[in-house]
Asker: 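Once you've had a glance at the structure underneath, I'll fire off some questions.
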Amino acid sequence: MLGLSVLEGGDNRAIVAEGAQHPPQVTYIEHAGNGSLGRVFDHVGIAVSDLAASDRFYCTVLSVLGVEPSHADAELVEWEDWDIGPTDPEHPVTRGLHVGFGARNRAQVDAFWQAGVDAGYRDEGAPGPRRQYGPTYYGGFLLDPDGNSVEAVHGDREDAVPDGRVDHLWFRVRDPQASRRFYTTIAPHAGLRLTHDEPGRVQLSGPDYSFSLVRDERPLTEHVHLAFPAREDATVRAFHAAALAAGYEDHGAPGERAVYHPGYYGAFVLDPDGHNVEVVNHNRG
């Protein structure tokens, strides 16, 4: 078995194979992102207990939404803004996450769900309207191999994410108001605005995506990496400085991580539940 060494701190890990037949090279870049300066999440990353099994699941359902892996090797599979990688002692398996992927129409939601069920994956809610989320909201739900809730969703919205991209996330947190304080602290630097604020549920949104912080009877969400895009290195530095000034924990100082690609400039902090939150400028024009 090849030895593995880790470069750079934070949840963004580059693992280099040692003792390979070829010269040492980066073989695993977790959550490197696609460099988009658009409005969507830069990238969302999870650790999975069985990479091959999770790869099969996500390939099965996301291909129905028209997206195929943009990167795949033995240590990372990436679909534009969605990344999966194996666990290690520093990165336990992700649990309790809900992720919704955008679908072009209701038929695509139906096909997403049917493909998952036909392949033997667990149903978490057949396709149909969910008007509690909006008058035109239509979703279908499955469970991935680690029990995370995965949805395809369509609704009539002026600003909608591209097909197969992350539309929304739900984190179940210990204290929604504590999480609210963290995310409103970084909001000016992460392109977020507060769009819903109740004691048990807080929602923050970008122009075409959202994530909700909720507390209910279900287990807490664990071990997610969440990255927001920036257009300037100064924004990355301001994000990091604001979080540390408010007392939040540093997880990687601002700087270039050229191991991901030249110009990759990011910084990392931990939110109140220990999720690794990043703002990154890819410096790709």
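Counting begins at 1 with the first residue of the sequence. Remember, predicted model here, so these are calculated numbers, not experimental data. In what follows, every heavy atom counts, from backbone to side chain, and hydrogens, waters and symmetry copies are set aside.
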Asker: Flag the pair Phe141 / Ser149 as yes when at least one side-chain heavy-atom distance between them is below 4.5 Å, and no otherwise.
Answerer: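 Yes, side chains in contact.
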Asker: Can you name the one residue among Glu256, Arg257, Arg237 that meets side-chain hydrogen bond (donor to acceptor under 3.5 Å, both in side chains) with Tyr265?
Answerer: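 Answer after filtering Glu256, Arg257, Arg237: Arg237.
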Asker: Can you give me the closest heavy-atom contact between Glu151 and Gly139, atom names plus distance?
Answerer: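 Heavy atoms of Glu151 and Gly139 come nearest at OE2-CA, 3.7 Å.
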Asker: If you look at every heavy atom in Leu51 and Val77, which pair is closest and at what distance?
Answerer: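 Nearest pair, atom of Leu51 first, then Val77: CD1-CG2, 4.3 Å.
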Asker: One pair to check against side-chain contact (heavy atoms from CB on, under 4.5 Å): His275 and His223. What are the steps and the verdict?
Answerer: CA-CA 6 Å; His275 300 297; His223 312 303; 5.7 Å; no
Asker: How long is the straight-line distance from CG of Leu192 back to OG1 of Thr185, given to the nearest 0.5 Å?
Answerer: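 Going from OG1 on Thr185 over to CG on Leu192, the span is 11.5 Å.
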Asker: Would you mind reporting whether Leu213 and Leu204 have side-chain heavy atoms less than 4.5 Å apart?
Answerer: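 Yes, their side chains come closer than 4.5 Å.
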Asker: Applying side-chain contact (heavy atoms from CB on, under 4.5 Å) to Gln114 and Asp110, what does each step give before you reach the verdict?
Answerer: CA-CA 6 Å; Gln114 194 64 56; Asp110 295 345; over 6 Å; no
Asker: NE2 of His225 to CG of Asn276: how many Å apart, nearest 0.5 Å?
Answerer: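 The distance works out to 5.5 Å.
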Asker: Heavy atoms, side chains only, cut-off 4.5 Å: are Phe112 and Leu142 in contact?
Answerer: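 The answer is yes; the side chains approach within 4.5 Å.
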Asker: Could you tell me which non-hydrogen atom of Pro272 sits nearest to which non-hydrogen atom of Tyr248, and how far apart they are?
Answerer: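 Reported closest heavy-atom pair: CG-CE2, 4.2 Å.
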Asker: Would you check if the side chain of Ser70 reaches a backbone N or O of Glu78 as a donor-acceptor pair within less than 3.5 Å?
Answerer: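 Yes, the answer is positive, given that a donor and an acceptor are paired below the 3.5 Å cut-off.
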Asker: Applying a strict under-4.5 Å side-chain criterion to I, L, V, M, F, W and Y, I'd like to know whether Val61 and Val109 cluster together.
Answerer: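 In one cluster with Val61: Val109, no.
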Asker: Might you point out which heavy atoms bring Pro145 and Ala53 nearest each other, and give the distance in Å?
Answerer: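 Reported closest heavy-atom pair: CG-O, 3.8 Å.
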Asker: Under 3.5 Å, is there a donor on one side chain and an acceptor on the other for Asn148 and Asp146?
Answerer: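 Asp146 and Asn148 do not have a side-chain donor-acceptor pair below 3.5 Å.
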Asker: Hey, what do you get for CD (Glu198) to CD (Gln177), rounding to the nearest 0.5 Å?
Answerer: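 These two atoms lie 10.0 Å from each other.
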Asker: Compute the ring centroids of His168 and His98, then answer whether they are less than 6.0 Å apart.
Answerer: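 Between His98 and His168, which both carry aromatic rings, the centre distance is below 6.0 Å.
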Asker: Show, in sequence, the C-alpha distance, side-chain angles and deciding distance for Asn283 and Asp233, and conclude whether the side-chain contact (heavy atoms from CB on, under 4.5 Å) test is met.
Answerer: CA-CA 8 Å; Asn283 284 297; Asp233 292 353; 3.0 Å; yes
Asker: Look at the aromatic rings of Phe41 and Phe228 and report parallel, tilted or perpendicular, splitting at 30° and 60°.
Answerer: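 Ring orientation, 0 to 90° scale: tilted.
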Asker: Parallel under 30°, tilted from 30 to 60°, perpendicular over 60°: which one fits the rings of His282 and His43?
Answerer: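 The rings of His282 and His43 stand perpendicular, inter-plane angle above 60°.
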Asker: Are any of the side-chain nitrogens in Arg180 or Asp197 under 4.0 Å away from the carboxylate oxygens of its partner?
Answerer: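 Looking at Asp197 together with Arg180, the answer is yes, because their closest N to O distance falls below 4.0 Å.
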Asker: Taking C-beta and beyond as the side chain, do Trp170 and Arg201 meet within less than 4.5 Å on heavy atoms?
Answerer: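 They are in contact (side-chain heavy atoms under 4.5 Å apart), so the answer is yes.
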Asker: Under 3.5 Å, side chain of His154 to main-chain N/O of Ala103, donor-acceptor pair present?
Answerer: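 Yes.
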Asker: Run the numbers on Leu169 and Ser212 for side-chain contact (heavy atoms from CB on, under 4.5 Å), then give the verdict.
Answerer: CA-CA 6 Å; Leu169 303 170; Ser212 296; over 6 Å; no
Asker: Kindly work out whether a path of hydrophobic side-chain contacts (I/L/V/M/F/W/Y, heavy atoms less than 4.5 Å apart) joins Val224 to Tyr209.
Answerer: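 Linked within one cluster.
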Asker: Measuring from atom OH of Tyr183 to atom CZ of Phe171, what distance do you get when rounded to the nearest 0.5 angstrom?
Answerer: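 The CZ atom of Phe171 is 5.0 Å from OH of Tyr183, to the nearest 0.5 Å.
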Asker: Is Val166 reachable from Val48 through a run of I, L, V, M, F, W or Y residues, each pair having side-chain heavy atoms under 4.5 Å apart?
Answerer: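 Hydrophobic grouping puts Val48 with Val166.
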Asker: Under 30°, 30 to 60°, or over 60°: which ring-plane class applies to Trp82 and Tyr58, parallel, tilted or perpendicular?
Answerer: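 Plane angle between 30° and 60°, so tilted.
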Asker: Should Val150 and Val117 be regarded as members of a common hydrophobic cluster, given that ILVMFWY residues are connected when their side-chain heavy atoms come within less than 4.5 Å of each other, either directly or indirectly?
Answerer: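 Yes; Val117 is reachable from Val150 via cluster members.
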Asker: Check whether any side-chain N or O of Thr195 sits under 3.5 Å from a backbone N or O of Gln203 as a donor-acceptor pair, and report yes or no.
Answerer: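 Side chain of Thr195 to backbone of Gln203: a pair is present.
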Asker: Taking the side chain as every heavy atom from C-beta outward, state whether Leu194 and Val202 have any pair of such atoms under 4.5 Å apart.
Answerer: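 Leu194 reaches Val202 side chain to side chain.
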Asker: Taking atom CZ as the centre, does Arg218 end up with more than 12 heavy-atom neighbours from other residues, nucleotides or ligands that are less than 6.0 angstrom away?
Answerer: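 Check fails, neighbour count at 12 or below.
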Asker: Report the C-alpha distance between Arg215 and Asp175 in whole Å, list the side-chain angles of each, state the deciding distance to 0.1 Å, and finish with yes or no for salt bridge (charged side-chain N to carboxylate O under 4.0 Å, His left out).
Answerer: CA-CA 7 Å; Arg215 187 71 178 105; Asp175 182 343; over 6 Å; no
Asker: For the hydrophobic clusters of this structure (ILVMFWY residues joined by side-chain heavy atoms under 4.5 Å, transitively), does one cluster hold both Val280 and Val259?
Answerer: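 Yes, one cluster joins them.
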Asker: On a heavy-atom basis, which atom in Gly191 and which in Pro207 lie closest, and how many Å separate them?
Answerer: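 Gly191 and Pro207 have their closest heavy atoms at O-CD, 4.4 Å.
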Asker: Decide yes or no for Phe101 and Asp167: does some side-chain heavy atom of the first lie under 4.5 Å from some side-chain heavy atom of the second?
Answerer: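 Side-chain contact under 4.5 Å: no.
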Asker: Tell me whether Ser63 contacts the main-chain N or O of Thr60 through its side chain, where contact means a donor paired with an acceptor under 3.5 Å.
Answerer: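 Answer holds: yes.
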Asker: If you round to the nearest 0.5 Å, how far is CG of Asp144 from CD1 of Ile46?
Answerer: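 Spacing of CD1 (Ile46) from CG (Asp144) equals 5.5 Å.
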Asker: Can you see which heavy atom on His91 is nearest to which on Ala47, and at what distance?
Answerer: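 Smallest interatomic distance, heavy atoms only, reads O-CB, 3.9 Å.
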Asker: About how many Å separate CG of Leu97 and CG of Leu220, when rounded to the nearest 0.5 Å?
Answerer: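 Separation between the atoms: 12.5 Å.
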Asker: Any donor-acceptor pair under 3.5 Å linking the side chain of Gln108 with the backbone of Arg104?
Answerer: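 Answer holds: yes.
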Asker: Leu76 versus His71: any side-chain heavy-atom pair under 4.5 Å?
Answerer: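 Sidechains of His71 and Leu76: in contact.
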Asker: How about Arg172 and Asp216: do any of their side-chain heavy atoms sit closer than 4.5 Å?
Answerer: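 Yes, close enough: below the 4.5 Å cut-off.
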